[in-house]
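To start, the structure itself, in structure tokens.
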Amino acid sequence: MGIKLKKTNQISLIWRKYPSYKYLTYTNILTGLTSWGSFIAMLVLLNQITDNGIQLGMLWAVSGLAPLMFSFLVGFLVDRFNPKKVIVFSEVFRGILFLGYIVVPLLGGMYAWILFCLLRFVGGLLNSLATIARQTIIPDLIEEDDLIVANSFNFTITSSIRLLGAAAGGTLISFLDLDIAWMVTSLSFFVSAIISSRITLKNNRKMVSSKNIKKEFVVGIQVIKEQKFVKLVLLAALSGGIIIGSFNLMLEQFVSNVYETKHYGISLLYISEGIISVLVGYWLANNKFLFKNPYKYGYVYILMGLTWTLFGFTEQLYQGAISLMLFAFVGAFIVPFERQIMQTDVPAHLRGRLFGLWNTCSLASIQVGAFLTGVFIYYFGIRSVPILTSVLEVGLGIFFIFYVKKHIVVGAAKQINTTH
């Protein structure tokens with residue numbers, strides 16, 4: 001009973017200890033759930049204002065380019081301003097922006113397309129701004145020793161929202177008018193802005209920023225060169241993004257063409273993966289778990305690649321669910337480690353641009369992964385995709401182990417030389 005009490009108290013303790021972190025968590029949950037509903041609503045609206053698949057695909061792709069193109073530059077803005085003010089600003093303007101979707105179907109034709117693209121493009125910029133600010137502000141709200149709990153708990157929240165948000169969003173759209181969805185989402189952002197305004201930073205971050213963007217870019221690159229783990233995390237974003245880019249497409253393809261099951265099979269696969277992510281993330285948060293020897297995360301990256309490869313060999317729906325549960329179990333250990341590195345190994349005044357670069361690396365590789373999925377299916381068949389897209393992840397894991405062990409040995413040798 002004593003162990004269970006300790007586990008239960010970890011998250012409630014961090015909320016009591018850091019009220020501002022609690023407020024940030026509230027806003028994550030609120031806007032996360034409504035954003036899922038608006039995401040589904042966007043797909044429905046896009047189908048209403050387009051006449052064929054080509055128009056639908058092009059409008060969706062073009063309007064969604066903002067996070068991919070500008071995340072790194074948006075990070076500079078986060079570094080230049082108080083992250084709390086950035087969050088409040090982005091929430092207020094996103095609240096106004098979502099009301100614009102009510103006007104889209106009233107225009108029709110090309111004007112509807114232009115307004116839809118403009119709203120989603122600007123919304124993507126504001127979303128990147130808020131996301132990066134939320135990631136960089138956490139070390140300003142809580143002590144470093146509690147970052148493990150916060151990062152693991154955030155992963156649990158994200159996984160839970162992924163499970164609940166799609167279902168809630170689909171239900172909302174099914175029974176209510178689209179305009180209601182836009183108004184509910186808009187209201188959630190206004191409420192989020194009010195809650196975010198109550199956040200108090202435990203220290204005033206010193207904004208060190210020059211007006212020369214080129215100079216600031218060089219400073220950011222220098223951090224990557226000097227901090228070995230930051231470099232590895234960015235590489236992991238590239239290799240992991242390839243898998244993520246193929247993930248959604250593979251679930252649909254395997255359910256339809258390999259398992260030959262109805263579409264409910266996709267939901268079952270998502271639920272299997274999501275539940276494990278939630279449970280393991282919660283366990284990691286309550287136990288403040290990180291490997292003491294960082295090279296062990298190399299084995300985790302290898303296992304991520306191998307468990308995704310395993311999915312490619314499945315024949316039945318239950319086998320696919322089991323392989324995704326293993327994939328989720330392994331992947332959950334990576335999230336708090338990578339967040340911890342980016343929050344502690346990067347100076348406070350540079351976090352925005354580095355988180356922006358991290359986001360850009362991930363989004364770019366996701367697009368590459370989606371493209372490669374189509375190529376691999378065409379030339380090698382469906383089953384080849386999980387195997388081929390996991391190669392980089394396994395390779396990263398092997399490189400991670402040798403690279404970290406090498407630097408541990410070199411660092412130990414330098415320490416011995418300085419003491420003698």
Side-chain angles (χ1 to χ4, degrees), residues 10-39 41 67 74-75 77-101 122-143 146-147 149-165 168-169 172 180-205 278 281-282 285 339 343 348 351-352 355 359:
Q10 283 296 322
I11 291 172
S12 60
L13 176 63
I14 200 172
W15 271 12
R16 290 196 303 269
K17 190 176 178 181
Y18 307 109
S20 290
Y21 172 72
K22 179 174 65 175
Y23 297 146
L24 185 69
T25 305
Y26 286 164
T27 62
N28 283 338
I29 295 172
L30 175 63
T31 58
L33 288 172
T34 56
S35 292
W36 262 102
S38 65
F39 178 79
V74 165
L77 293 177
V78 177
D79 286 337
R80 287 175 178 269
F81 299 101
N82 184 305
K84 169 188 168 180
K85 294 180 180 179
V86 170
I87 294 172
V88 173
F89 167 85
S90 62
E91 301 296 70
V92 169
F93 277 88
R94 281 200 286 178
I96 297 171
L97 194 79
F98 270 95
L99 294 176
Y101 284 103
V122 176
L125 287 176
L126 292 171
N127 182 61
S128 291
L129 191 65
T131 299
I132 294 170
R134 288 175 185 275
Q135 290 171 331
T136 62
I137 201 176
I138 291 178
D140 296 320
L141 303 180
I142 63 179
E143 302 295 336
D146 292 319
L147 282 176
V149 178
N151 290 326
S152 298
F153 186 44
N154 283 347
F155 174 68
T156 302
I157 291 171
T158 302
S159 300
S160 300
I161 289 172
R162 192 171 71 240
L163 280 173
L164 299 174
L172 182 68
I180 301 297
W182 307 130
M183 288 188 281
V184 169
T185 304
S186 175
L187 179 62
S188 73
F189 283 116
F190 289 132
V191 173
S192 175
I194 294 171
I195 297 174
S196 298
S197 66
R198 300 181 64 185
I199 291 174
T200 302
L201 304 184
K202 64 180 176 64
N203 51 48
N204 292 320
R205 183 192 302 185
V278 170
Y282 187 79
R339 293 279 177 88
Q343 290 166 348
R351 282 192 205 122
F355 268 105
N359 197 37

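Heavy atoms only: backbone and side chains are in, while hydrogens, waters and symmetry mates are out.
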- Query: Okay, side chain of S188, backbone of T31: is any donor-acceptor separation there less than 3.5 Å?
  - Reply: no
- Spell out, as yes or no, whether a donor-acceptor pair under 3.5 Å connects the side chain of S186 to the backbone of M183. no
- Rounded to the nearest 0.5 angstrom, the OG1-CZ distance for T158 and F153 is 10.5 Å
- Message: Please find the pair of heavy atoms, one from L126 and one from S90, that lie closest to each other, and give the distance.
- Response: O-CB, 3.8 Å
- Task: Report the distance from atom CD1 of I161 to atom CG of N28, rounding to the nearest 0.5 Å.
- Result: 6.5 Å
- Query: What distance separates I142 CD1 from L147 CG, expressed to the nearest 0.5 Å?
  - Reply: 4.5 Å
- Within-4.5 Å side-chain heavy-atom neighbours: T131 and F355: no
- Query: Taking atom types as modelled and ignoring hydrogens, do the side chains of Q343 and N151 form a donor-acceptor contact shorter than 3.5 angstrom?
  - Reply: yes
- Within-4.5 Å side-chain heavy-atom neighbours: F89 and S196: no
- Looking at OG1 of T25 and CG of L30, how far apart are the two atoms once the value is rounded to the nearest 0.5 Å? 12.5 Å
- Could you state the interatomic distance from CD1 (I199) to OH (Y26), rounded to the nearest 0.5 Å? 12.5 Å
- For R94 and G123, work out which heavy atoms get closest and say how close. CD-O, 4.4 Å
- Message: Is any side-chain heavy atom of T156 closer than 4.5 Å to one of Y282?
- Response: yes
- Note on the structure: The ring-ring contact (aromatic ring centres under 6.0 Å, His included) partner of F98 among F189, F190, F93 is F189
- Message: Please check this pair: side chain of Y21 against backbone of I14, looking for a donor-acceptor N/O pair closer than 3.5 Å.
- Response: no
- Looking only at heavy atoms, which two atoms of S197 and V88 are closest? And how far apart? N-CG2, 3.9 Å
- Message: Testing the basics here: between A150 and I138, what is the closest heavy-atom pair and its distance to 0.1 Å?
- Response: CB-CG2, 4.3 Å
- Query: Should N82 and L201 count as side-chain neighbours, where that means a heavy-atom distance under 4.5 Å?
  - Reply: yes
- Task: First locate atom CG of D140, then atom NZ of K84, and finally report the distance between them rounded to the nearest 0.5 Å.
- Result: 12.0 Å
- Message: For A133, is there any backbone N or O sitting under 3.5 Å from a side-chain donor or acceptor partner on T136?
- Response: yes
- Is it true that the side chains of T27 and R134 contain a donor and an acceptor less than 3.5 Å apart? yes
